[in-house]
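A short write-up of the structure that comes next.
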2 protein chains.
Amino acid sequence: MTMQRTYSKALDRLKNANLRPTRQRLALAKLLLENGHRHLTAEELFHEARANGIMVSLATIYNTLHQFTSAGLLREVVVDMGQSYFDTNTSHHHHFFDEATGKLSDIPDDHIEISRLPTPPDGQQIDRVEVIVRLRDAASTSN
Amino acid sequence: MTMQRTYSKALDRLKNANLRPTRQRLALAKLLLENGHRHLTAEELFHEARANGIMVSLATIYNTLHQFTSAGLLREVVVDMGQSYFDTNTSHHHHFFDEATGKLSDIPDDHIEISRLPTPPDGQQIDRVEVIVRLRDAASTSN
DNA sequence: GTGTTTGCAAAGTGTTTGCAATTTA
DNA sequence: TAAATTGCAAACACTTTGCAAACAC
């Protein structure tokens, strides 16, 4: 029940990533990495931090998100123009994207299967395959 | 060999889309729709237009790209933060994305196959499935 | 002529950067 | 106390918008 125990998981993750466990990084790591899988924009994380009484600047939010991404603690997902999403689930999986609400959600890995992959062009290899399943209201007709 | 003949294809496309064939739209339609399949950013189209002696403002480039997209003459593709690509190939297909150069290219439709698709969440349907195969240099090791 | 389209310049949005002050080890 | 990190404000890149002038029908 000590502070040490409370922060240990986030702390370990930061240490493993060679990131100094500053107050801001610890708090953000806790929010991001100890609440199940999420898809957050920088702005959303910023507000969530504020709502939890964590004082962090937006600049630090951006820095932290990128550092975490480089360290493999997060994955960046780009699905629409204008903003990045950061996914706390770094394992291999794909996404639903609700065009109406701008919300991303995970597709369970056994619900999608790619049975044939293209040969990459000469001198290149496949780095990652990303599938976005774009959703719309069931009612709306194709137009 | 008349002007009329030269522009007829682009002209028809505009008419079918209910877009007034203005000088700018005709010229851009010619660039975009009569040169095979391309993936262009707004800025690239702007420079290409200038290079071809077509005087168009960047604002008009953006307007036109969006009007063409709404009309189904183009498809917008978002793969990285900060800019949209417009694809002159509107038929069903997926993309390679070269992270190093920022270039998009088509994956022939018979080179990729998705054999299982997820059930969309309640009240929603699948609008479109988009696959991005991200490429990196063959030499570079995973890091 | 009337409604549409264009181009400019200004505004907007999400993100990045420079740098002094603060914090961590 | 030396090196890393933070926060502010300014700078950025791309895109959108307001509106008067130009254009299409």
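Since this is a predicted model, take the numbers as computed values, not measurements. Reminder, nothing fancy here: chain letters follow the sequence lines and each chain counts from 1.
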What are the residues of residues 56-74 of chain A, sorted by number, that bring a heavy atom to within less than 4.0 Å of DNA chain D?
A:Val56, A:Ser57, A:Ala59, A:Thr60

Answer yes when A:Arg38 and A:Glu48 have at least one side-chain N-carboxylate O distance shorter than 4.0 Å, and no when they do not.
yes

How close or far is atom P of C:dG3 from atom CG of B:Asn18, stated in whole angstroms?
18 Å

Determine whether B:Pro121 and A:Leu135 make a side-chain contact, defined as any pair of heavy atoms from C-beta on separated by less than 4.5 Å.
yes

Please report the distance, rounded to the nearest Å, between CZ in A:Arg25 and P in C:dT23.
15 Å

Spell out, yes or no, whether B:Leu73 and B:Phe86 are grouped together once hydrophobic residues are joined by side-chain heavy atoms under 4.5 Å, including indirect joins.
yes

Ignoring backbone atoms, establish whether A:Arg23 has a side-chain N or O less than 4.0 Å from OP1 or OP2 of C:dT23.
no

In whole angstrom, what separates A:Arg20's CZ from C:dT23's C1'?
8 Å

Residue pair B:His93 / B:Asp109, side-chain donor-acceptor N/O under 3.5 Å:
no

Between A:His37 and A:His39, ring centroids under 6.0 Å
no

Whole angstroms only, please: what is the CG-C1' distance between B:Leu19 and D:dA24?
13 Å

Examine D:dG7: is either OP1 or OP2 under 4.0 Å from a nitrogen or oxygen in the side chain of A:Gln24? Give yes or no.
yes

So what does A:Ser84 hit on the nucleic acid, given a heavy-atom distance under 4.0 Å: a base, only sugar-phosphate, or nothing?
sugar-phosphate

Write down the distance between CG (B:Asp80) and P (D:dC14), rounded to a whole number of angstrom.
10 Å

Just N and O in the side chain of B:Thr22: are any of them under 4.0 Å from OP1 or OP2 of C:dT6?
yes

To the nearest angstrom, the CZ-C1' distance between B:Phe86 and D:dC14 comes to 11 Å

To the nearest angstrom, the CE-C1' distance between B:Met55 and D:dA21 comes to 16 Å

Quick one: do A:Arg136 and A:Glu99 make a salt bridge, cutoff under 4.0 Å?
no

Hey, which of B:Val131, B:Val77, B:Asp106 is the one that makes side chain to side chain contact (heavy atoms under 4.5 Å, CB included) with B:His94?
B:Val131

Can you tell me the pairing partner of D:dA24 across any strand shown, Watson-Crick or G-U wobble, with both distances under 3.5 angstrom?
C:dT2

Whole angstrom value for the distance that separates C1' of C:dT6 from CG of B:Leu28:
12 Å

